[in-house]
Structure formats: structure tokens, C-alpha cells
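Comments concern the structure below.
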Amino acid sequence: MPDTTGRFAGRAAIVTGAARGIGAATAARLAEEGAQVLLADRAPEVMARAEAVGGVGLRIDLAARGAGEAVVDTALDAFGRLDILVNNAGIGGSKPLLDSDDDLLERFIETNLTSVLRLTRAAIPHLARPGGRIVSVSSTFGIAGYPGTTAYAVAKAGIAQMTRQLAGELAPEGILVNAVAPGVIETAMTEGHLGSDYYRRAVLEPTPLRRAGRPEEVAAVIAFLASADAAYVAGQVIAVDGGWLAARHPPREAG
Ligand SMILES: NC(=O)c1ccc[n+]([C@@H]2O[C@H](COP(=O)([O-])OP(=O)(O)OC[C@H]3O[C@@H](n4cnc5c(N)ncnc54)[C@H](O)[C@@H]3O)[C@@H](O)[C@H]2O)c1
């Protein structure tokens, strides 16, 4: 049951990559606080997820040309307005540059950056003025260098720069543009790595909070940035990383 008194009552939102993980948690959080939400994802599970949160589901490959316009048109048809765009969909698991063939480079840049630019371009003319919000999901790997994930990191750095760029262009019109940079979050994207010794030593142990994050913990910050509580925040990329970027620990002594 949508909350008619919540922070997002009367607002309409698009959340991409909402079939699972951070996107699903974000769609649930926005819906709980009163938003009408369009959940867009290529995975078929998006339809059930949409039903579970009382939203509208759209199964679509966001990397395809024309997808951005299709997503925005669907939201406008369903809700008659658009207030919030959450650019969350993305793929993980890229490689060092020398091991990245043309297909891999194209896949990561198209999916994790170009599709975000296209959807954002399609959404901007329709976003509420004032009150519109764009919140995108970058990554700590798009801010600090981290070996072995070149195409992914470059795309995520592009999202961080898109955020600063558009913040300057759109704040005068009353649209706020911000991003989150998650550290390691427990989702399908990381589940294959979380148990490995390398991950424990390289990522979890250096994290001041000494644990991976949960999707809901990222969703809470996205919801803050999408809300009126963030009325004077523009162009920020907020790390949600247990302190990793700010104060990662050196490796502890063996033994
Ligand atoms: N999990 C982490 O540790 C972590 C860390 C930093 C950033 N991120 C970013 O957070 C976002 C969400 O990741 P997650 O961890 O929830 O991953 P996830 O794999 O659980 O979810 C990603 C969702 O995006 C969808 N998606 C991917 N490509 C798509 C496309 N072309 N069209 C439509 N849908 C598509 C997938 O189907 C999936 O439902 C991603 O952008 C990811 O890069 C995640």
C-alpha cells in the first residue's frame, strides 16, 4: 500500500536494473515512501518484482538503441509525470585492459555508460521543474584506481563525471543530479567473489567497517538523494562503502 504521506507521495520514478540487487531495494524503498515506480530490467523477474512493490514492470534491454525513449514513454503513459530517474542497471566482471577484446570493451561501455547517457537524455525534458532528481549508480572503482577492472571502472568514472556535468547544467532549472558510489555490496554481481580469499584480503579486510554492504544500505542513500531532504545537494558522488575510499586499511600482518 503506497504511503500517501511519505517523502515521495505524488512522485513518479524510474529505476533501472530493478529486478534484483540494489535496483530492487531502491524500487521497494521509493514505493514504500509513496512513489509510483517503473521498474525497468532485461531480466524476466522484473515483472514479479514490480508486482511485489505495487509498481509497473518493463522488460527491456537498456543497451539497445531507442530503449531510453521507450522507458520514458512507458513511465509517462503509466504515471503522467516524471520526477525521479535512478540509473542503476549495470554489469560487472570486466578485465584488465590487455585481456579486454573489442566485444568486452563495447559491452561494458554501452551497458554501463552509453545506455545511461541515452536514458538520461530521454528523461531530462520530462523531469519535474523544480523537484526533478537524477541519481546514478557509479562505483568506488570509478573513483579510485583498482587493478583489473578497466572497462567497468572507466564507465563508472564516466557516470561520476556525467553527474557533475549535468548538475551544473540542470540545477538552475530545479533538477538535482547526484550519484552514489557503492563499495562491495552483497548482490548477484559479487556473490561469486565474496567467499574468495583474495576478496577477503583485498577488499573486505581493508574496509573500515569490515563487511560488505547490503542493497538496502545503498537504497537508503539513493532515496535520500532523490528526496526533498537533499534539496541543497548537487553534483555529488557519495561513497556507500563502509569507509573504504576514505580510510582503507593497509594489509594486516600475516598470522
Ligand atoms: N554489488 C556491488 O558490489 C556494486 C558495487 C559498486 C557498484 N555497483 C553497481 O550497482 C548497480 C547494481 O548492481 P547490483 O550489485 O545490484 O547487480 P545485480 O547484477 O544484482 O543487478 C543488476 C541488474 O541490472 C540489470 N541489467 C544489467 N544490464 C542490463 C541491460 N542492458 N538492460 C536492462 N537491465 C540490465 C540486470 O538484469 C540486473 O537485474 C550496477 O550499476 C553496479 O555496477 C554494484
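Atoms within a ligand are numbered from 1 in the order they appear, just like the ligands themselves. This one's a predicted model, so the numbers in the text were calculated from it and none came from an experiment.
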Got a list of side-chain donor-acceptor pairs under 3.5 Å for residues 48-56, not counting sequence neighbours?
| from | atom 1 | to | atom 2 | distance (Å) |
| --- | --- | --- | --- | --- |
| Arg49 | NE | Ala19 | O | 3.1 |
| Arg49 | NH2 | Ala19 | O | 3.4 |

**Study point:** Check against salt bridge (Lys or Arg N to Asp or Glu O under 4.0 Å), Arg200 and Glu205
**Key:** CA-CA 6 Å; Arg200 183 181 56 72; Glu205 277 192 9; 2.6 Å; yes
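- Protein residues with any heavy atom under 4.0 Å from ligand 1: Gly17, Ala19, Arg20, Gly21, Ile22, Asp41, Arg42, Ala43, Ile60, Asp61, Leu62, Ala63, Asn88, Ala89, Gly90, Ile91, Thr111, Val137, Ser138, Ser139, Tyr152, Lys156, Pro182, Gly183, Val184, Ile185, Thr187, Ala188, Met189, Thr190.
- Within the structure, every pair that satisfies the side chain to side chain donor-acceptor pair (under 3.5 Å) test and touches residues 97-125, not counting sequence neighbours, is listed here: Asn87-Thr120.
- Applying the side chain to side chain donor-acceptor pair (under 3.5 Å) criterion to Thr74, with sequence neighbours excluded, gives no partner residue.
- In this structure, Asp229 pairs ionically with Arg7, as a charged nitrogen and a carboxylate oxygen lie closer than 4.0 Å.
- From Met47, atom CE reaches atom CG of Asp41 across 11.0 Å, with rounding to the nearest 0.5 Å.
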